[in-house]
2 protein chains.
Amino acid sequence: MSVGGPTGDDLVEMLAALANPIRLRIVAALAGRRDYVSQLARELGVSRPLLHMHLRRLEAAGLITGRLELSDDGKAMKYYEVTDFDLHLTASAVAEAAQTLTRPDPGKGPAPKEST
Amino acid sequence: MSVGGPTGDDLVEMLAALANPIRLRIVAALAGRRDYVSQLARELGVSRPLLHMHLRRLEAAGLITGRLELSDDGKAMKYYEVTDFDLHLTASAVAEAAQTLTRPDPGKGPAPKEST
DNA sequence: TTCACGTGTCATTTTTTACTTACACGTGAA
DNA sequence: TTCACGTGTAAGTAAAAAATGACACGTGAA
């Protein structure tokens, strides 16, 4: 067992979170040093509202975490850092995760016909 | 160097391809045995046009490959099978891949202002 | 010929994501 | 008070992904 296993749904969420250039760069930026929102927005060249959205998606997937801190001059800064995620993706790993998928409920019934 | 590395763009494409319940189940289904389109559609309970779209996305990402074969009774069947992909995702691996991202050209200029 | 089963695509709608703009709130310093 | 800098969110639009339905084509068997 490499991963110890996120459920299929969790895996989809993690993959979807990483499957975006901006979010990939966010994770990359936070890989070394933690950072606060406004500063990160400046570094990546994106607007804060947009960054905020991406940060939420990454945090929801469990790839980063953020906490609010008070700086010396009294400002509330939200610092984000990456978690120790470690995903090993192979065909068999995917096969295992897929067993716990609940999302796409195909109705279990007969597949949609078309011609007859 | 762990991965040997898909470029950032390729990585995004692979992740996007896997970040979907149906496609995850397609890979899972093909993990053991190869299969042809119509049969796979029945097994997964999805329409062929939809499956076709997902197969294309997976194949474009290099996760599966398909080839057309002629069955004994003369029918053209397209068989798909998984490739030997092996993605190891960690914060540092992402950081490395992010360096070769070309997609989200932020214009390189000053970050979008808002208040001032 | 017609049916069953295989292949494929085009057109359209529905649903999500991505993104921008504008706003509101709080605090220390000028 | 006003400015600079931090936080967050709501509203609306643009773009991309997902999904459906209707086609067209080919072949062996009834």
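Every chain is numbered from 1 and lettered A, B, ... according to where its sequence line falls, protein lines coming before strand lines.
- Residue A/Arg57 has a polar side-chain atom (N or O) positioned under 4.0 Å from OP1 or OP2 of C/dA18.
- In summary, the side chains of B/Ser71 and B/Asp73 do present a donor paired with an acceptor at a separation below 3.5 Å, with no hydrogens or angles considered.
- Expressed to the nearest 0.5 Å, how far OG1 of B/Thr7 lies from CG of B/Leu101 amounts to 7.5 Å.
- Atom-to-atom, CG of A/Leu50 to P of C/dC19 comes out at 5 Å; the value is rounded to the nearest Å.
- Distances shorter than 4.0 Å separate none of the side-chain N or O atoms of B/Asn20 from OP1 or OP2 on D/dA17.
- We find that CG of A/Leu55 is positioned 16 Å from C1' of C/dT17, with the value rounded to whole Å.
- Across all strands shown, C/dT7 forms a Watson-Crick or G-U wobble pair, both distances under 3.5 Å, with D/dA24.
- One can place CZ of B/Arg48 at 7 Å from C1' of C/dG6, the figure rounded to the nearest angstrom.
- C/dT1 is paired with D/dA30 under the Watson-Crick or G-U wobble criterion, all donor-acceptor distances under 3.5 Å.
- Looking at heavy atoms from C-beta onward, B/Leu18 lies out of side-chain contact with B/Arg23 at the 4.5 angstrom threshold.
- Whole-Å rounding puts the B/Leu15 CG to D/dA17 P distance at 14 Å.
- How far CG of B/Leu44 is from NE2 of B/His54: 10.0 Å, rounded to the nearest 0.5 Å.
- For the pair B/Arg23 and D/dA18, the criterion of a side-chain N or O lying under 4.0 Å from OP1 or OP2 is met.
- Rounded to an integer number of Å, the gap from B/Leu40 CG to C/dG8 P is 12 Å.
- The only member of B/Val37, B/Ile26, B/Leu51 that meets side-chain contact (heavy atoms from CB on, under 4.5 Å) when paired with B/Tyr80 is B/Val37.
- Listed pair B/His54 / D/dA19 meets the phosphate criterion, a side-chain N or O lying under 4.0 Å from OP1 or OP2.
- Taking only side-chain atoms of A/Lys78, from C-beta outward, the nucleotide of C/dG6, C/dT9, D/dG8 with the closest atom is D/dG8.
- For the pair B/Ile22 CD1 and D/dA17 C1', the interatomic distance rounds to 12 Å; values are reported in whole Å.
- Using a 4.0 Å cut-off, some side-chain N or O of A/His52 falls inside it from OP1 or OP2 of D/dT9.
- A distance of 11.0 Å separates OG1 of A/Thr65 from CG of A/Leu58, quoted to the nearest 0.5 Å.
- In this entry the distance linking CG of A/Asp72 with P of D/dG6 reads 14 Å, nearest Å.
- Contact annotation: A/Ser47 side-chain N/O to C/dT20 OP1/OP2 distance is under 4.0 Å.
- Side-chain atoms of A/Arg42 lie closest to D/dG6 of the nucleotides D/dA19, D/dG6, C/dT7.
- Checked against C/dG8, C/dG6, D/dG28, the side chain of B/Val37 finds its nearest nucleotide in C/dG8.
- Here D/dA16 sits opposite C/dT15 as a Watson-Crick or G-U wobble pair (both hydrogen-bonding atom distances under 3.5 Å).
- Where A/Asp73 and A/Met53 each meet DNA chain C at their nearest nucleotide, the meeting point lying more 5' is that of A/Met53.
- At the phosphate of D/dG6, OP1 or OP2 sits under 4.0 Å from a side-chain N or O atom of A/Tyr36.
- The partner of C/dA22 is D/dT9, judged by Watson-Crick or G-U wobble contacts that both fall below 3.5 Å.
- Considering only the side chain of B/Lys75, C/dC5 comes nearest among C/dC5, C/dA18, C/dT20.
- Out of C/dT9, D/dG6, D/dT9, the shortest distance to the side chain of A/Arg56 is found at D/dT9.
- Here the C1' atom of nucleotide C/dG8 and the CE atom of B/Met77 are 15 Å apart, to the nearest Å.
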